[in-house]
Amino acid sequence: MHKGQLSKVREVLLEMKGSGISLNRNTYNILAHGSCKLRWLKEAAEVVELMRANDMVPDIWTYNTIMTGLCDKGKVKETISLRDDMESLRVMPDEVTYNTLIDGCFQWWGSVEAFKLVEEMKGKGVKPNTVTHNIMVKWYCKEGKKDEAGYVVVKMVETGFSLDCFTYNTMINGYCKAGNLGEAFKMIDEMGRKGLKMDTFTLNTIVHKLCMEKLLKEAYELTVKAAKRGYILDEVTYGTLIIGYFKNDQTNKALKLWDEMKEKGIIPSVVTYNTIIGGLCHSLKTDQAVDKLNELLDKGLAPDEATCNIIINDFCWEGALEKAFLFYNRMVENSFKPDVITCNILLRGLCKHGDMDYSEQITNFCTQGKYKEAMKLFQELEQKGVSLHKSVYFKLMDGLLKRRKSISKASLSD
DNA sequence: GTAGGGTTAG
């Protein structure tokens with residue numbers, strides 16, 4: 001559904017309600033779902049208010065849907081307070097509620113808080129299921145804690161849960177990221193022995209690892225073989241290969257794959273557009289990158305944070321810092337949310353030009369994880385009226401972001 | 001009509 005269409009749906013529904021036609025719960029839930037998919041969180045929250053104003057109790061689907069939208073955007077606090085709301089209406093959180101919350105918590109707040117939620121879940125008699133375990137395996141893998149991930153898997157089997165494709169793909173990805181391709185292939189064998197067929201996710205994980213190892217020919221041939229055997233290649237498969245070829249300066253092959261993908265009728269999403277735009281920038285083919293950016297816009301797709309970061313990075317790389325900041329500021333005005341990557345891109349650009357005396361000291365503190373000391377020095381210098389290089393702000397923000405502290409837009413645009 | 005796996009930017 002397009003944004004315009006959903007607006008229309010909302011309009012008509014509100015009109016119907018206004019003329020006394022009552023809407024049922026499903027109608028509201030579909031509206032909540034559509035709003036979340038478009039990341040219209042305010043509108044999604046309004047659905048609950050609307051339901052309550054019409055003496056209708058939102059159900060578990062309403063809440064779970066909205067909570068997923070909130071967690072995706074990092075609004076964990078709001079999600080938790082929604083959990084309290086639902087409980088007070090006697091809509092009891094279920095496995096889906098907790099799994100959503102736990103995964104969001106791992107992503108935005110870190111594992112300590114996430115595990116508290118796992119305990120809370122158990123305490124309330126909601127039993128962790130395969131999905132809960134898969135979430136834990138995923139985050140242990142991301143944190144490089146192989147043993148802990150393995151322990152969760154053992155525990156899973158012991159408690160009677162069978163491993164599914166998600167579990168295997170998570171572990172295969174974990175092994176690939178840890179540089180252990182051999183173990184990843186062993187997992188694929190094990191999948192087969194257990195009667196689980198590897199899928200496009202498995203394939204893409206392996207293709208990505210091969211590309212990272214510069215084994216482009218092997219990666220490509222694997223996809224050809226897989227396609228012949230009936231596996232579906234999707235935009236991620238192509239995107240992965242395209243990046244691989246760009247990074248190894250085989251621009252023509254990358255562009256050929258882009259065409260091949262489109263010939264197959266695969267419609268690239270914004271992420272895949274980002275890969276081609278980034279690749280073309282990397283190959284100094286800025287004009288062609290702009291063409292692809294325009295194509296993205298023509299298709300009615302919205303550029304995202306990564307698109308902005310890619311463009312800012314390209315300006316910085318060319319040494320066009322003014323353009324980079326001009327673009328950055330314009331985008332911030334247009335609701336672009338800079339993240340730690342934006343900070344690093346600009347920092348790297350600025351470091352090439354600025355006076356690094358104090359910034360180096362603060363950077364050192366940050367590198368050592370001594371954010372308190374870094375902040376103290378920063379404040380002292382500020383009080384003394386020492387004008388600090390912009391990069392210092394970015395480095396500090398980087399540190400603060402890494403500690404998962406929230407950061408205000410105001411302090412970023414200083 | 002709700003939760004978990006794979007691609008991009010430093």
Side-chain angles (χ1 to χ4, degrees), chain A residues 25-34 36-37 58-69 71-72 93-104 106-107 128-139 141-142 163-174 176-177 198-209 211-212 234-244 246-247 261 268-279 281-282 303-314 316-317 338-349 351 394 398 401:
Chain A
R25 197 177 273 146
N26 278 354
T27 322
Y28 284 110
N29 285 350
I30 291 167
L31 191 57
H33 185 243
C36 284
K37 276 259 138 57
D59 66 1
I60 189 86
W61 295 83
T62 327
Y63 279 110
N64 287 346
T65 300
I66 295 174
M67 289 166 97
T68 303
C71 274
D72 281 348
D94 63 359
E95 295 89 340
V96 178
T97 319
Y98 272 105
N99 288 340
T100 306
L101 250 175
I102 290 165
D103 194 37
F106 267 116
Q107 186 178 351
N129 61 14
T130 304
V131 177
T132 322
H133 288 92
N134 287 344
I135 292 169
M136 292 191 282
V137 172
K138 174 181 73 175
W139 288 103
C141 284
K142 289 211 170 168
L163 313 185
D164 62 10
C165 274
F166 282 83
T167 327
Y168 277 105
N169 285 338
T170 307
M171 287 195 294
I172 289 165
N173 188 39
C176 283
K177 291 262 150 62
M198 64 172 270
D199 59 12
T200 307
F201 280 83
T202 327
L203 176 69
N204 290 347
T205 305
I206 299 294
V207 168
H208 181 245
K209 179 63 186 164
C211 286
M212 296 291 284
D234 65 4
E235 64 160 325
V236 178
T237 323
Y238 278 101
T240 307
L241 285 171
I242 288 170
I243 294 152
F246 269 125
K247 287 204 167 150
M261 174 181 76
S269 67
V270 63
V271 179
T272 308
Y273 268 101
N274 286 343
T275 64
I276 193 100
I277 294 168
C281 287
H282 173 87
D304 63 6
E305 332 301 306
T307 322
C308 292
N309 284 338
I310 288 164
I311 295 168
I312 294 169
N313 187 49
D314 190 50
C316 284
W317 211 70
D339 57 9
V340 61
I341 296 170
T342 323
C343 294
N344 283 339
I345 290 168
L346 289 168
L347 171 65
R348 215 177 63 157
C351 280
F394 287 116
D398 185 3
L401 280 168

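Chain letters run A, B, ... following the sequence lines, proteins first and then strands; every chain starts at 1. These values consider heavy atoms only, across backbone and side chains, with no hydrogens, waters or symmetry-generated copies.
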Just the rounded figure in Å: distance from [atom2] of [N] to [atom1] of [X].
X	N	atom1	atom2	answer
Asn64(A)	dT2(B)	CG	C1'	5 Å
Lys247(A)	dT8(B)	NZ	C1'	8 Å
Ile345(A)	dA9(B)	CD1	P	9 Å
Lys138(A)	dA3(B)	NZ	C1'	10 Å
Ile312(A)	dA9(B)	CD1	C1'	9 Å
Asp199(A)	dT7(B)	CG	C1'	15 Å
Ile66(A)	dT2(B)	CD1	C1'	11 Å
Leu346(A)	dA9(B)	CG	C1'	12 Å

**Prompt:** Distance check: side-chain N/O of Asn313(A) vs OP1/OP2 of dG10(B), anything under 4.0 Å?
**Reply:** yes

**Prompt:** Within the modelled atom types, does a donor on one side and an acceptor on the other bring the side chain of Asn129(A) and the base of dA3(B) under 3.5 Å apart?
**Reply:** yes

Between [options], which one does the side chain of [X] approach most closely?
X	options	result
Thr100(A)	dA3(B), dG10(B), dT7(B)	dA3(B)
Ile310(A)	dT8(B), dT7(B), dA3(B)	dT8(B)
Trp61(A)	dG10(B), dT7(B), dT2(B)	dT2(B)
Glu95(A)	dA3(B), dA9(B), dT2(B)	dA3(B)

**Prompt:** Of all heavy-atom pairs between Thr170(A) and Val137(A), which one has the smallest distance, and what is that distance?
**Reply:** CG2-CG1, 3.9 Å

**Prompt:** Which atoms form the tightest heavy-atom contact between Pro303(A) and Val270(A), and what is the distance?
**Reply:** CA-CG2, 4.2 Å

**Message:** I'd like to check the ring pair (Phe, Tyr, Trp, His ring centres under 6.0 Å) partners of His208(A); sequence neighbours left out, ordered by chain and number.
**Reply:** none

